[in-house]
Amino acid sequence: MTASRSLAAESESRAAGVGTVPHPRLSINQATVKHADLATALRVTAAAGVEAIGLWREPVQEVGLDVAARMLTDSGLRFTTHCRGGFFTLPVGPEREAALDDNRRAIEEAATLAAAGAEGSTAVLVLVAGGLPEGSRDLIGARERVRDAIGALADDARAAGVTLAIEPLHPMYASDRAVVSTLGQALDIAADFDPAVVGAAVDTFHIWWDPQVLDQIARAGREGRIATYQVCDWKTPLAADPLLSRHYPGDGVIDFAPLTRAVQDTGYDRDIEVEIFHADVWADDPVRVVRRTAEAFATAVAPHL
């Protein structure tokens, strides 16, 4: 951050109610302010002095890709990830082909937005594998279809300069959202492909419990596979909808120190997204949410960078 940008960020941050300038590597994943439209998400993020944002496909599609790209450029923010592609576990047939075509569109979106973002933007498309198809119990076969689908998309991603980031989700989502449950499983799939084309998303909410997680983060670093690092906290009891159980860093039980140091030790030096799914957070004023996110990041994550 330049001196003039730093002073501007400090002024904007104070106007938005942020006590200190947000950490320069903090990125606000748009899901954290889910009910804000794209214009609002960009505005409140930039006004708080945060320098980067990860976007979701639906708000981008609401305004159209070209308009969204111009809005991102005008915001001055870096672009960190596009969420989300994936849902690859359908058997061979028209629905699977339609899903692959939709992922090709997502790859194009990620490339366009990365080009529109400020210097340091990254063209990363986060992939959620998909759960078991209706009526199926074939977990192994579903994971193999994920591998096959990524193989079908790898050339498209390479041509667009986009990295496909396989995101392992907590095992409680294996039946309906993601049959890839550990970072090790994600890396095993990615191993078939160029690291510039296929990597992994390291998300604390999903992997904090794994007794092998630190070894797998180190492995991801050795293999050049960390496409993005995302943080939020785990707290029980879980919400009635477990999807909406992600908390501000520091509000739950995750120890961010070893996880963040492990990612840092791999040489990962790019932006770090805070991605929160929680009904109370979504119902709050986006300005307040971004402020609290910046403060939580400063306390729980930044000291370990």
Side-chain angles (χ1 to χ4, degrees), residues 22-23 25-36 41 44-45 48 50 52-59 80-84 86 124 126-131 165-178 180-183 186 200-210 213 217 227-260 263 271-302 304:
H23 193 280
R25 290 175 64 186
L26 169 62
S27 174
I28 301 294
N29 184 287
Q30 192 176 2
T32 303
V33 288
K34 181 178 175 65
H35 296 319
V44 299
T45 299
V50 177
I53 192 167
L55 298 182
W56 276 66
R57 297 188 66 198
E58 293 82 0
T80 50
T81 67
H82 200 37
C83 292
R84 54 181 163 56
V124 174
V126 176
L127 303 180
V128 174
I166 305 169
E167 181 173 20
L169 267 59
H170 190 280
M172 66 179 170
Y173 300 117
S175 64
D176 64 339
R177 302 192 73 81
V180 177
S181 301
T182 68
L183 184 55
V202 177
D203 186 324
T204 59
F205 180 82
H206 294 301
I207 63 173
W208 70 277
W209 58 274
D210 185 350
V213 66
I217 289 173
T228 183
Y229 180 39
Q230 298 177 325
V231 296
C232 74
D233 219 332
W234 176 288
K235 184 178 180 180
T236 50
L238 300 179
D241 180 353
L243 186 66
L244 307 185
S245 295
R246 301 166 70 108
H247 293 261
Y248 290 105
D251 281 3
V253 301
I254 294 178
D255 186 353
F256 291 96
L259 293 169
T260 301
V263 171
D271 293 311
I272 299 168
E273 289 187 0
V274 176
E275 182 185 47
I276 299 172
F277 290 62
H278 195 288
D280 291 344
V281 175
W282 289 350
D284 201 356
D285 181 347
V287 172
R288 233 180 348 258
V289 170
V290 172
R291 181 187 69 232
R292 282 204 59 192
T293 300
E295 292 168 349
F297 187 91
T299 300
V301 181
H304 313 298

Open item on the list: Please evaluate residues K235 and V253 with respect to the criterion side-chain contact (heavy atoms from CB on, under 4.5 Å), reporting the C-alpha separation (whole Å), side-chain torsions for both, the decisive distance (0.1 Å), and the verdict.
Closed with: CA-CA 6 Å; K235 184 178 180 180; V253 301; 5.9 Å; no
Task: Residues that F256 engages under ring pair (Phe, Tyr, Trp, His ring centres under 6.0 Å), provided they are two or more places apart - done: none
- [ ] Output, in order, the C-alpha distance, side-chain angles, deciding distance and verdict of side-chain contact (heavy atoms from CB on, under 4.5 Å) for H304 and L259.
- [x] CA-CA 9 Å; H304 313 298; L259 293 169; over 6 Å; no
Task: Separation between CG of L183 and CD1 of I217, rounded to the nearest 0.5 Å - done: 6.5 Å
Open item on the list: Going by salt bridge (Lys or Arg N to Asp or Glu O under 4.0 Å), name the residues that satisfy it together with D285, two or more places apart in sequence or in a different chain.
Closed with: none
Open item on the list: Side chains of T81 and E273 only: does a donor on one sit below 3.5 Å from an acceptor on the other?
Closed with: yes
TODO: Mind checking salt bridge (Lys or Arg N to Asp or Glu O under 4.0 Å) for D233 and listing every partner two or more places apart, or none if nothing turns up?
DONE: none
TODO: Flag the pair D271 / L26 as yes when at least one side-chain heavy-atom distance between them is below 4.5 Å, and no otherwise.
DONE: no
Open item on the list: Whether the side chain of T260 engages the backbone of A257 through a donor-acceptor N/O pair (distance < 3.5 Å, no angle test) should be reported.
Closed with: no
TODO: Kindly write out the residues that satisfy side chain to side chain donor-acceptor pair (under 3.5 Å) with T293, not counting sequence neighbours, or none if the list is empty.
DONE: none
Task: Non-neighbouring partners of D176 that pass side chain to side chain contact (heavy atoms under 4.5 Å, CB included), sequence neighbours left out - done: Y173
Open item on the list: Looking at every heavy atom in both L244 and A279, which two are closest together, and how far apart are they?
Closed with: CB-N, 4.4 Å
Task: For D210, salt bridge (Lys or Arg N to Asp or Glu O under 4.0 Å) partners two or more places apart - done: none
Open item on the list: Holding to side chain to side chain donor-acceptor pair (under 3.5 Å), I want the full list of residues that pass it with T45, two or more places apart in sequence or in another chain.
Closed with: none
- [ ] Please name the pair of heavy atoms, one in A36 and one in P286, separated by the smallest distance, quoted to 0.1 Å.
- [x] CB-CG, 4.1 Å
Open item on the list: Could you work out, with ring pair (Phe, Tyr, Trp, His ring centres under 6.0 Å) as the rule, every residue matching H35, not counting sequence neighbours?
Closed with: W282
Task: Heavy-atom check, side chain of I53 versus side chain of L55, under 4.5 Å - done: yes
- [ ] Taking the side chain as every heavy atom from C-beta outward, state whether H206 and P168 have any atom pair closer than 4.5 Å.
- [x] no
Task: Under the side chain to side chain donor-acceptor pair (under 3.5 Å) test, residues paired with R84 that sit two or more places apart - done: none
TODO: Taking the side chain as every heavy atom from C-beta outward, state whether P171 and W209 have any atom pair closer than 4.5 Å.
DONE: yes
- [ ] Please report the closest heavy-atom contact between V289 and V33, naming both atoms and the distance.
- [x] CG1-CG1, 3.8 Å
- [ ] State, with a plain yes or no, whether a side-chain heavy atom of T228 is found less than 4.5 Å away from one of T80.
- [x] no
Open item on the list: Rounded to the nearest 0.5 Å, what separates atom CG in L127 from atom SG in C83?
Closed with: 9.5 Å
Task: Listed partners of E275 passing salt bridge (Lys or Arg N to Asp or Glu O under 4.0 Å), at least two apart - done: R246
- [ ] List the atom of S245, the atom of A239, and the distance in Å for their closest heavy-atom pair.
- [x] OG-N, 2.9 Å
TODO: Enumerate the residue pairs fulfilling ring-ring contact (aromatic ring centres under 6.0 Å, His included) with a member in residues 229-248, sequence neighbours excluded, ordered by first and then second residue.
DONE: H170-W234, F205-W234, W208-W234, H247-H278
Open item on the list: Between T32 and N29 (side chain of the first, backbone of the second, donor and acceptor by atom type, cut-off under 3.5 Å), is there such a pair?
Closed with: yes
TODO: Could you tell me whether the side chain of K34 reaches within less than 4.5 Å of the side chain of V281, counting heavy atoms only?
DONE: no
Task: Side-chain heavy-atom pair S27, I272 within 4.5 angstrom cut-off - done: no
Task: Q230 (side chain) donor-acceptor with V274 (main chain) under 3.5 angstrom - done: no
TODO: Measure across V290 and A48 and return the closest heavy-atom pair with its distance rounded to 0.1 Å.
DONE: CG1-CB, 3.5 Å
Open item on the list: Among residues at least two apart in sequence or on other chains, which ones pass side chain to side chain donor-acceptor pair (under 3.5 Å) with R292?
Closed with: D251
